[in-house]
Structure formats: C-alpha cells, structure tokens
Amino acid sequence: MQGRRMLIFSFLYFFLAHCSDKGEAIVEPRLATYKFTTYTVDTFRFKITLNDEVLTDSLLSPIGSQKLIVKFIDSSRKLKIFNAKNNQLIIDSTIILKIGQSTISLVQFTSEQRPFIPTSPNEPPPSAGNVKVRFQYVQPSNQSIPFFDSIRCIIRVSSSTLPLDSIILKKYEVSRFYQVNLGSTIRMILYNPATGAQIDNTTNNLNLTGFSDFNTAIVYGQSPSGSQYNFSLQRIY
C-alpha cells in the first residue's frame, strides 16, 4: 500500500514538474468568419484592416459581399475601413471578434454621404421564430426613373390575404419595424399618392429567410418600363 502511494506521488510530482518546465499551456487560435456586405448609392472599392493587417482591398459597391476568415486569440481588434481609391479612412472602430459567422454591413443611402455601419435599433427584439423588418425609400439606381416626393406602399405577407399595412414614405424616410415569421415573404405594391397611379408594374417580393433579428429593406426604382416603372425591395442588413 505504501509503495502504491509513493508511486502515485512520484507520478504527480513528475507531471507537475513537467508542466512547470513547459510554462503556460498553448492556446489554440479560434476562427471567426466575417461577411462584409455593401449597399451604397455611390461606387466604392473598400480596404478593410484588423490591427493594421489588410484583410482585403477589393470589397466593391454599390452592392457587394465578401466572406473573410480571421484567426484570433485576443478577441479585441481595431477595425479600419478605407476608400481604397484615395486611402481615405471611413470607419475606425474597435470590435470584439466572435466564433462563427457575423455580418458587417457598409451602408450609404444618399450620394456623397459617408458610408457607415448600422447599429442595432433601440427596439424590443422579436419573439422567437420571428424577425423585424423596416423599409426605407431611397434614390433610384437608374437616373431615368423619377424620384417621387413620396410613395404609397401596400405591404402584404405571403401567409395572409389581408394587407399588413398601407404607408406613405417620403424620400429617405424609414418606416417603423414590422414583426413577421422568419421565412415569410413580403409583397409590396407601390403607388404615387398624389395621383393614385400605380408606379410599379410587378408585385415585388422580399424573402425573409436568413434575416437577422432586425433588418432594413430599401425600396428603390431599378429600370423604366414604358410609362410604368419597376421598383424593387432590397435587403441591406
């Protein structure tokens, strides 16, 4: 019995001494995937750095997307985003890296506006299985399409025969948030409130699959079609 105790003691002594010789345990780096998306009115090429290390210098806009994988031990990093054309600093922020996939969006709603990263709204989170989405009326991507002072939006959800709401949005105005089931499809018909004329020739859809808890969709003209116009819903973040 005494010999067995001595054997166990010797083993523990050897193990602890061995660990002491090696110093602290090696910490394996963790992996984070960051999806950077853009929605801008002007055209940009962005450069993104973390702690001054270039992740990419080819993130394009008006609408673009890149997935970047980051290895990290220290989760706090300095995020900088530049206009790669003239090296102008646009974003200078500290972020906490997270395991898994995260999305960071660069948004610009009006020409010559400084692109920015939208923040979480001061709004109660949606209930389980739901998302919240709001709408903004922005400048058409095609200059031949008139930018109406306001538009009337008849909003429907695919699972309902009754309209979710009927709202009027002025230029660049943002609607309230609507809570709907994740995976639903938003359908919208647009009218000129001054004349009552329909200004889109299709019923536009926005599928909410894969949305985050909060999201914003833009409403904007895409391409003229005779005397009517095509408007589109575009998820931006």
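Computed over heavy atoms, backbone and side chain alike; hydrogens, waters and symmetry mates excluded.
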Participant: State, yes or no, whether a side-chain contact exists between C153 and L169 at a heavy-atom distance under 4.5 Å.
Facilitator: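 Contact flag for C153/L169 side chains = yes.
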Participant: Just wondering, do Y178 and D165 contact through their side chains at under 4.5 Å, heavy atoms?
Facilitator: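 Yes. Closest side-chain heavy atoms under 4.5 Å.
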Participant: Considering only heavy atoms from C-beta outward, does the side chain of I189 approach that of Q198 to under 4.5 Å?
Facilitator: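 Counting from C-beta outward, I189 and Q198 do come under 4.5 Å.
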Participant: Which pair of non-hydrogen atoms, one from A32 and one from F72, has the smallest distance, and what is that distance?
Facilitator: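 Looks like CB-CE2, 3.6 Å.
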Participant: Hey, what do you get for CZ (R235) to CD1 (I63), rounding to the nearest 0.5 Å?
Facilitator: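 The CD1 atom of I63 is 12.5 Å from CZ of R235, to the nearest 0.5 Å.
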Participant: Kindly give the heavy-atom pair with the smallest separation between K71 and R77, and that separation in Å.
Facilitator: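 Heavy atoms only, the tightest pair is O-NH2, 3.3 Å.
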Participant: Return yes if a side-chain donor-acceptor contact under 3.5 Å exists between R152 and S166, otherwise no.
Facilitator: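 Yes, because at least one side-chain N or O of R152 sits under 3.5 Å from a partner of the opposite role on S166.
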Participant: Does a donor on one side chain and an acceptor on the other come within less than 3.5 Å for S111 and D42?
Facilitator: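 The criterion, which ignores hydrogens and geometry beyond distance, is satisfied for D42 and S111.
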Participant: Is there a donor-acceptor contact under 3.5 Å from the side chain of R45 to the main chain of D57?
Facilitator: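 Such a contact is found between R45 side chain and D57 backbone.
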Participant: Is there a side-chain contact between T216 and V133 in this structure, where contact means two heavy atoms from C-beta onward sitting under 4.5 Å apart?
Facilitator: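 They are not in contact (no side-chain heavy atoms under 4.5 Å apart), so the answer is no.
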Participant: Under a 3.5 Å cutoff, is there a donor and acceptor pairing between the side chains of Y229 and D200?
Facilitator: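 Looking only at side-chain atoms, D200 and Y229 do not form any donor-acceptor pair under 3.5 Å.
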Participant: Under a 3.5 Å cutoff, is there a donor and acceptor pairing between the side chains of Q139 and Y172?
Facilitator: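 Per modelled atom types, Q139 and Y172 side chains form a pair under 3.5 Å.
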Participant: Looking at K170 and E173, what are the two nearest heavy atoms and their distance?
Facilitator: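 Looks like N-OE1, 2.8 Å.
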Participant: Looking at CZ of F231 and CD1 of I145, how far apart are the two atoms once the value is rounded to the nearest 0.5 Å?
Facilitator: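 Reported value, rounded in 0.5 Å steps: 6.5 Å.
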Participant: Under a 4.5 Å side-chain heavy-atom rule over Ile, Leu, Val, Met, Phe, Trp and Tyr, are F211 and V107 clustered together?
Facilitator: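 Cluster IDs for F211 and V107 match.
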Participant: Going by atom types alone, do N207 and T209 pair a side-chain donor with an acceptor below 3.5 Å?
Facilitator: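 Per modelled atom types, N207 and T209 side chains form a pair under 3.5 Å.
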Participant: Could you tell me whether the side chains of T38 and S61 share a donor-acceptor contact shorter than 3.5 Å?
Facilitator: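 Short answer, no.
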Participant: Testing the basics here: between P140 and P146, what is the closest heavy-atom pair and its distance to 0.1 Å?
Facilitator: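 Looking at all heavy atoms of both residues, the closest pair is CG-O, 3.8 Å.
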Participant: Hydrophobic clustering (ILVMFWY, side-chain heavy atoms < 4.5 Å, transitive) - are I167 and L233 grouped together?
Facilitator: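 Looking at the clustering, I167 is in the same group as L233.
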Participant: Between L79 and L50, is any pair of side-chain heavy atoms under 4.5 Å apart?
Facilitator: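 Touching, per the 4.5 Å side-chain cut-off.
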Participant: Just by distance, with hydrogens left out, do S184 and S158 show a side-chain donor and acceptor under 3.5 Å apart?
Facilitator: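 No, no side-chain donor-acceptor pair sits under 3.5 Å.
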Participant: Give a yes or no on whether I95 and I99 share a hydrophobic cluster (residues Ile, Leu, Val, Met, Phe, Trp, Tyr; joining criterion: side-chain heavy atoms under 4.5 Å apart).
Facilitator: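 Same cluster: I95 reaches I99 through Ile, Leu, Val, Met, Phe, Trp or Tyr contacts under 4.5 Å.
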Participant: Once you round to the nearest 0.5 Å, how far does CD1 of I69 lie from CD of Q101?
Facilitator: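 Here the rounded value is 9.5 Å.
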Participant: Would you check if the side chain of S160 reaches a backbone N or O of V157 as a donor-acceptor pair within less than 3.5 Å?
Facilitator: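 Such a contact is absent between S160 side chain and V157 backbone.
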Participant: So, D52 and T49: side-chain donor and acceptor under 3.5 Å apart, yes or no?
Facilitator: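 The criterion, which ignores hydrogens and geometry beyond distance, is not satisfied for T49 and D52.
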Participant: Closest heavy-atom contact between I236 and S105?
Facilitator: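 Closest approach of I236 to S105, heavy atoms only: O-OG, 3.5 Å.
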Participant: Is a donor on one side and an acceptor on the other found under 3.5 Å between the side chain of Q108 and the backbone of V41?
Facilitator: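 Pair found, side chain donor or acceptor close to backbone of V41.
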Participant: Side chains of N87 and K47: any donor to acceptor distance under 3.5 Å?
Facilitator: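 Yes - a donor-acceptor pair under 3.5 Å links their side chains.
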Participant: Could you tell me whether the side chain of D213 and the main chain of P125 form a donor-acceptor pair under 3.5 Å?
Facilitator: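 Such a contact is absent between D213 side chain and P125 backbone.
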Participant: Parallel, tilted or perpendicular: which one describes the rings of F46 and F44, with boundaries at 30° and 60°?
Facilitator: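 The arrangement is parallel - the two ring planes meet at less than 30°.
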Participant: Is the ring centre of F147 less than 6.0 Å from the ring centre of Y137?
Facilitator: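 That pair passes the under 6.0 Å test.
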Participant: Should the heavy atoms of other residues, nucleotides or ligands under 6.0 Å from CG of N122 be counted, would the total exceed 12?
Facilitator: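 Counting other residues, nucleotides and ligands, CG of N122 stays at 12 neighbours or fewer.
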Participant: Could you walk me through whether M188 and V219 pass the side-chain contact (heavy atoms from CB on, under 4.5 Å) test, one step at a time?
Facilitator: CA-CA 10 Å; M188 186 178 286; V219 183; 4.0 Å; yes
Participant: In the structure I gave you, are the side-chain heavy atoms of L208 and I186 within less than 4.5 Å of one another anywhere?
Facilitator: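 Heavy-atom side-chain distance check passes, below 4.5 Å.
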Participant: Quick one: pull up CG in D149 and NZ in K171 and give me the separation to the nearest 0.5 Å.
Facilitator: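 D149 CG to K171 NZ: 5.0 Å, rounded to 0.5 Å.
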Participant: Is I218 close to Y39 at the side-chain level, that is, under 4.5 Å between some pair of heavy atoms?
Facilitator: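 A side-chain contact under 4.5 Å exists here.
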Participant: Backbone N or O of F109 within a donor-acceptor pair of the Q113 side chain at under 3.5 Å?
Facilitator: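 Yes, the answer is positive, given that a donor and an acceptor are paired below the 3.5 Å cut-off.
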Participant: If we count only N and O atoms by modelled type, under 3.5 Å, do the side chains of R134 and S175 hold a donor and an acceptor together?
Facilitator: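 No, S175 and R134 have no side-chain donor paired with an acceptor closer than 3.5 Å.
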Participant: Looking at every non-hydrogen atom in both residues, tell me the closest pair between S65 and K35 and how far apart they are.
Facilitator: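 Where S65 meets K35 most closely, the heavy atoms are OG-CE, 3.2 Å.
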Participant: Does atom NZ (K98) have a neighbourhood of more than 12 heavy atoms from anything else shown, all under 6.0 Å?
Facilitator: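 For K98, atom NZ is not crowded (no more than 12 foreign heavy atoms under 6.0 Å).
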Participant: Below 4.5 Å, heavy atoms only, C-beta onward: do T37 and I104 meet side chain to side chain?
Facilitator: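 T37 vs I104: side chains apart.
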Participant: Could you grab the distance from atom CG of N205 to atom OG1 of T185, nearest 0.5 Å is fine?
Facilitator: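 Interatomic distance, N205 CG to T185 OG1, rounded to 0.5 Å: 6.0 Å.
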Participant: Taking the side chain from Q136 and the backbone from A217, do they hold a donor-acceptor pair closer than 3.5 Å?
Facilitator: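 Not confirmed, Q136 side chain does not pair with A217 backbone.
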Participant: I need the N204 CG to Q222 CD distance, nearest 0.5 Å.
Facilitator: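 Going from the CG atom of N204 to the CD atom of Q222 covers 8.0 Å.
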Participant: Are F177 and L182 linked, directly or through other ILVMFWY residues, by side chains that come within less than 4.5 angstrom of each other?
Facilitator: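 No, it is not one cluster - the side chains of F177 and L182 are not joined through contacts under 4.5 Å.
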Participant: Verify whether one side chain among T56 and S58 offers a donor that lies under 3.5 Å from an acceptor in the other.
Facilitator: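 Short answer, yes.
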Participant: Tell me whether L97 shares a hydrophobic cluster with L31, the cluster being built from Ile, Leu, Val, Met, Phe, Trp, Tyr side chains joined at under 4.5 Å.
Facilitator: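 L97 does not cluster with L31.
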Participant: Would a distance-only check, ignoring hydrogens and angles, find a side-chain to backbone donor-acceptor pair under 3.5 Å from N83 to Q88?
Facilitator: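 Judged by distance alone, no pair lies under 3.5 Å.
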Participant: May I have the step-by-step check of side-chain contact (heavy atoms from CB on, under 4.5 Å) for F36 and L106, ending in yes or no?
Facilitator: CA-CA 8 Å; F36 288 87; L106 278 171; 5.8 Å; no
Participant: Does K132 make a cation-pi contact with F214 (under 6.0 Å, within 45 degrees of the axis)?
Facilitator: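 No, K132 and F214 do not form such a contact.
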Participant: Checking K80 against D92 for the side-chain contact (heavy atoms from CB on, under 4.5 Å) test, could you report, in this order, the C-alpha distance in whole Å, the side-chain angles of both residues, the deciding distance, and whether it holds?
Facilitator: CA-CA 5 Å; K80 292 183 180 180; D92 186 352; 3.9 Å; yes
Participant: If you apply the rule side-chain contact (heavy atoms from CB on, under 4.5 Å), what do you find for I91 with I117, and how did you get there?
Facilitator: CA-CA 8 Å; I91 303 292; I117 298 175; 3.9 Å; yes
